[in-house]
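Here is the structure we will look at, set down as structure tokens.
In this text, all values refer to a predicted model and were calculated from it rather than measured experimentally. In what follows, chains are A, B, ... by sequence order, proteins preceding strands, each numbered from 1.
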Amino acid sequence: MMNRTTFIKFRGTNFFLLHCLPSFQFVTHTASLHSNLSSLIHKITNLNDALELFDEMSHRQPLPSVVKFNQLLTAVTKIKHFSSSLDLFKQMCAIGVPVDKYSMSIAIKCCCQLYRTKDGFAVLGCCFRRAISPNVYIYNALLDGLVLEDKILEAEMLFKKLIKQKLCEPDVVTYNTMIKGLCKFSNNVTALALLRLMEQNNCKPNIVTYSTIIDSLCKDKLIDDAFKLFKEMVSDKGILPNVITYTSLICGLCKFGRWDDASKLLKQMEDENISPDVKTFTALVDAFCKEGKVEEAEAVINIMIERGEVPNIVTYSSLIDGYCLRGEMIKAREIFDSITLRGLVPDVVTYNSLLNGYCKNLNIEKAEQMFHEMTVKGLKPNVVTYNTIIQGFFQVGRCVAARKLFDEMHAQGQIPNECTYGIVLDGLCNNRQVEEALSLFHLMGDSKLNSDIVVYNILINGAGKCGNVDIARVLFHGLIDKGLQPDVRTYNVMISGFCQEGQLGEAKLLFLKMEESGCPPDDVTYRVLLQGYLKNRHYDDVEMLLQEMDDRGYSLDASTLSLFIDHIAAGLLDRSMLKLLGKLVPKELLNDPRLCDWE
DNA sequence: TTAGGGTTAG
């Protein structure tokens with residue numbers, strides 16, 4: 001058992017100092033508080049008060065009941081000082097408070113919230129040793145910890161074990177936690193199956209259950225399924241949606257550009273007296289910004305301010321993103337600077353947005369400056385930060401600087417992700433360093449990255465663009481040998497590579513193979529092939545391809561169209577093709593003055 | 001008279 005001295009040390013200096021104060025002061029200060037410990041605990045709003053109270057409690061003779069200590073632990077946990085709460089729990093054990101299943105449950109929860117689920121299981125072991133039989137609260141906390149750490153398989157195993165071995169009766173929280181984990185990995189099918197299972201087991205799903213799955217469906221763009229579930233929840237189960245349910249749905253609609261439906265839903269929630277909150281408004285702001293509709297986004301912000309909602313750092317970061325996307329960097333910077341004036345603090349994501357804007361607009365010096373600024377301000381660049389600047393360096397041809405930063409991120413403890421590798425490989429290829437890219441690719445060995453179709457697409461594209469169509473072909477066959485499935489992009493970049501080298505026969509063969517491989521060509525495939533045919537003055541299939549495009553409802557892009565116009569103007573293609581071309585031109589391109597005599 | 005999930009925005 002820990003003695004008093006160690007106990008004080010354990011607490012840290014503040015307590016030591018506190019303890020050194022003349023004891024009468026301490027006693028007079030606290031004596032009057034003796035009478036109502038519960039109400040004191042109830043009033044706790046900050047860590048210091050809690051620690052002080054704990055100290056005082058632990059000096060009492062006799063010790064207050066374990067219930068009082070548990071209440072204090074709860075208070076500390078509620079203000080999210082999990083680590084301190086865990087310390088207090090340890091001290092409770094040390095000074096001989098007879099900890100019970102409540103204390104254990106709090107301790108386990110704290111471990112789990114600190115991403116130390118392993119320690120949580122160790123505490124579970126303590127429960128068994130102390131003959132405290134764990135209950136559903138304890139298992140739920142552990143399950144949540146596993147989900148938090150993305151250990152979904154372990155979570156599933158624990159969940160099944162609970163049921164099979166009848167360790168506890170799963171309740172709505174157990175199911176919701178498991179569903180949350182499944183949704184985190186886009187496993188909507190199993191999440192829905194679990195929803196049905198809980199109904200079978202007489203465990204009523206609630207608003208959290210439904211909202212979790214609805215949100216996941218929206219994130220996966222399964223908006224119709226989301227609404228089906230929404231209808232089931234409201235009409236069949238009589239569960240009223242809340243602001244969270246609505247925000248998910250509105251967000252889903254906005255992502256599809258279904259603005260009318262989104263505004264109908266907004267109206268519907270208002271009719272039901274549910275007010276949109278900061279997150280709802282920000283979702284709208286973000287969706288508008290992503291479509292370049294910054295004016296609309298600003299209007300939303302004005303409305304939210306009028307309605308007494310205060311835009312926060314997320315709202316403004318979205319707006320910055322919007323201006324960056326439009327290349328309006330001065331405006332983006334203006335918003336960034338105004339953030340501080342509003343008493344908000346830019347975070348890593350805010351910096352990343354602005355950095356990305358500078359990089360995309362090829363102002364890499366400004367980006368470097370911001371990168372420096374954020375570290376000075378004590379913000380730790382994350383993987384996204386590094387990815388953004390590395391890509392920026394490659395875009396302006398500064399390959400050495402890119403490579404240096406790539407090495408530096410390792411040193412800073414930021415582990416490159418698949419995105420990083422994609423950026424580096426793409427950057428190397430675009431800077432005509434295909435060999436370098438390939439050797440990095442081979443260095444990856446048999447990692448997940450090495451069997452990522454996106455990585456293959458980048459390399460095949462890079463090799464093809466640099467005129468190394470043979471390397472591209474080897475990669476293409478290599479991925480098939482590996483059992484990987486080429487996607488439409490893979491075919492497109494390979495066809496593009498063949499076209500570039502004038503190997504139209506190969507291009508056509510691959511094009512024909514797409515359909516039979518269950519990967520039908522998309523509009524890009526047609527554009528790539530058509531451009532290849534035109535550039536190589538190979539006109540035999542052109543009309544047929546245009547006809548097919550029309551049948552499939554595809555349209556031409558500006559550059560392909562431009563190429564057609566040139567060929568017609570040069571008398572290489574017959575003007576009779578104009579009629580067919582006219583059908584394939586999207587509305588916005590019809591404004592092209594060169595097309596005015598078309599109709 | 002003590003423990004839980006809480007799902008929504010960059």
Side-chain angles (χ1 to χ4, degrees), chain A residues 37-38 41-42 64-75 77-78 85 89 97 99-110 112-113 134-145 147-148 168 170-181 183-184 191 205-219 233 241-252 254-255 269 274 276-290 297 300 304 309 311-322 324 346-354 356 384:
Chain A
L37 198 47
S38 285
I41 295 169
H42 206 73
S65 74
V66 62
V67 175
K68 295 285 181 281
F69 278 101
N70 289 343
Q71 284 176 332
L72 187 57
L73 280 194
T74 307
T77 310
K78 286 248 161 76
S85 175
F89 169 77
V97 178
V99 293
D100 60 5
K101 68 175 68 178
Y102 291 85
S103 340
M104 290 295 191
S105 149
I106 300 169
I108 291 174
K109 181 189 159 90
C110 290
C112 292
Q113 294 300 308
N135 59 10
V136 66
Y137 285 84
I138 288 179
Y139 286 117
N140 286 347
L142 288 166
L143 195 66
D144 195 44
V147 168
L148 198 66
C168 69
D171 63 8
V172 64
V173 178
T174 324
Y175 281 103
N176 286 353
T177 308
M178 198 60 234
I179 286 173
K180 177 177 72 176
C183 289
K184 213 171 161 187
N206 60 14
I207 181 75
V208 178
T209 324
Y210 277 101
S211 295
T212 307
I213 307 180
I214 287 172
D215 182 62
S216 180
L217 290 168
C218 287
K219 287 214 165 80
M233 176 183 100
N242 59 17
V243 63
I244 296 172
T245 331
Y246 276 116
T247 302
S248 292
L249 287 167
I250 289 171
C251 203
C254 287
K255 276 185 187 142
M269 67 186 282
I274 301 168
D277 63 9
V278 187
K279 290 187 182 181
T280 324
F281 283 120
T282 303
L284 288 168
V285 169
D286 187 55
F288 276 127
C289 285
K290 288 224 159 60
V300 172
M304 69 188 284
E309 288 287 346
N312 61 20
I313 192 68
V314 181
T315 324
Y316 288 112
S317 296
S318 291
L319 192 59
I320 289 175
D321 246 353
C324 288
D347 61 13
V348 180
V349 184
T350 324
Y351 272 96
N352 286 349
S353 290
L354 201 58
N356 183 46
V384 180

Nearest-angstrom distance from the residue atom CG of A:Leu148 to C1' of B:dG4:
14 Å
Closest to the A:Ala283 side chain: B:dT1, B:dA3, B:dA9?
B:dA9
Length of the line joining A:Lys184:NZ and B:dG5:C1', which is rounded to integer Å:
14 Å
Within the 4.0 Å heavy-atom criterion, would you say A:Lys109 contacts the bases, only the backbone, or no part of the nucleic acid?
sugar-phosphate
Say whether, by atom type as modelled, one donor and one acceptor occur between the side chain of A:Asn135 and the main chain of A:Ile138 under 3.5 angstrom.
yes
Identify whether any heavy atom of A:Thr350 sits under 4.0 Å from a base atom; if not, whether one sits that close to sugar-phosphate; answer base, sugar-phosphate or nothing.
base
Expressed in angstrom and rounded to an integer, what is the separation of A:Asp277 atom CG from B:dG10 atom P?
13 Å
Regarding the side chain of A:Val173, the nearest nucleotide among B:dA9, B:dT2, B:dG4 is B:dG4
From B:dA9, B:dT2, B:dG10, pick the nucleotide closest to the side chain of A:Lys290?
B:dG10
So, does the side chain of A:Ser317 form a donor-acceptor pair with the base of B:dG10 at under 3.5 Å?
yes
State which residues pass side chain to side chain donor-acceptor pair (under 3.5 Å) with A:Lys78; sequence neighbours excluded, sorted by chain then number.
none
Assign A:Asn312 to base, sugar-phosphate, or nothing according to its heavy-atom contacts below 4.0 angstrom with the strands shown.
base
Can you sort out the partners of A:Tyr351 under ring pair (Phe, Tyr, Trp, His ring centres under 6.0 Å), two or more places apart, ordered by chain and number?
A:Phe336
Of the listed nucleotides B:dA3, B:dG10, B:dT1, the one nearest the side chain of A:Lys78:
B:dA3
Rounded to whole Å, the CZ-C1' distance (A:Phe281 to B:dG10) equals 17 Å
Is A:Asp286 touching bases, backbone alone, or none of the nucleic acid, heavy atoms closer than 4.0 Å?
sugar-phosphate
Would you mind telling me which of B:dA9, B:dG5, B:dA3 lies closest to the side-chain atoms of A:Tyr137?
B:dA3
Would you say B:dT8 has OP1 or OP2 under 4.0 Å from some side-chain N or O of A:Lys219?
yes
Using the six-membered ring for Trp and the full ring for Phe, Tyr or His, decide whether A:Tyr102 stacks on the six-membered base ring of B:dA3 (centres under 5.5 Å, planes under 30°).
no
For A:Val172, report the nucleic acid contact type (base, sugar-phosphate, nothing); a contact means any heavy atom under 4.0 Å.
base
In whole Å, what is the span from the CG atom of A:Asn352 to the C1' atom of B:dA9?
17 Å
Under 4.0 angstrom between A:Ser248 side-chain N/O and B:dT7 OP1 or OP2
no
Any donor-acceptor pair, under 3.5 Å, between the side chain of A:Asp144 and the base of B:dG4, if you only look at N and O atoms?
no
Mind calculating the distance between OH (A:Tyr351) and C1' (B:dG10) to the nearest angstrom?
16 Å
Between A:Lys68 (NZ) and B:dT2 (C1'), how many Å, whole number?
9 Å
Base, sugar-phosphate alone, or nothing: which one does A:Ile320 contact when heavy atoms must sit under 4.0 Å apart?
nothing
With hydrogens left out and only the distance checked, is there a donor-acceptor pair under 3.5 Å joining A:Asn70's side chain and the base of B:dT1?
no
Worked verdict on A:Ser353 versus A:Asn356 for side chain to side chain donor-acceptor pair (under 3.5 Å)
CA-CA 5 Å; A:Ser353 290; A:Asn356 183 46; over 6 Å; no
Let's see if you can work this out: which of B:dT1, B:dT8, B:dA3 has an atom nearest to the side-chain heavy atoms of A:Asp215?
B:dT8
Tell me if a side-chain donor or acceptor on A:Asp100 pairs with a main-chain N or O of A:Ser103 at a distance below 3.5 Å.
yes
Donor on one side chain, acceptor on other, A:Thr77 and A:Ser85, under 3.5 Å:
yes
Within the 3.5 Å criterion, strictly below it, is a donor on A:Asn242 or A:Thr245 matched to an acceptor on the partner's side chain?
yes
Among B:dA9, B:dT7, B:dA3, which nucleotide sits nearest the side chain of A:Val314?
B:dA9
Starting at atom CE of A:Met304, determine the distance to atom C1' of B:dG10, rounded to an integer number of angstrom.
12 Å
Hey, does A:Lys255 reach any base, or is it just sugar-phosphate, or nothing, if we go heavy atoms under 4.0 Å?
nothing
Within the 4.0 Å heavy-atom criterion, would you say A:Leu73 contacts the bases, only the backbone, or no part of the nucleic acid?
nothing
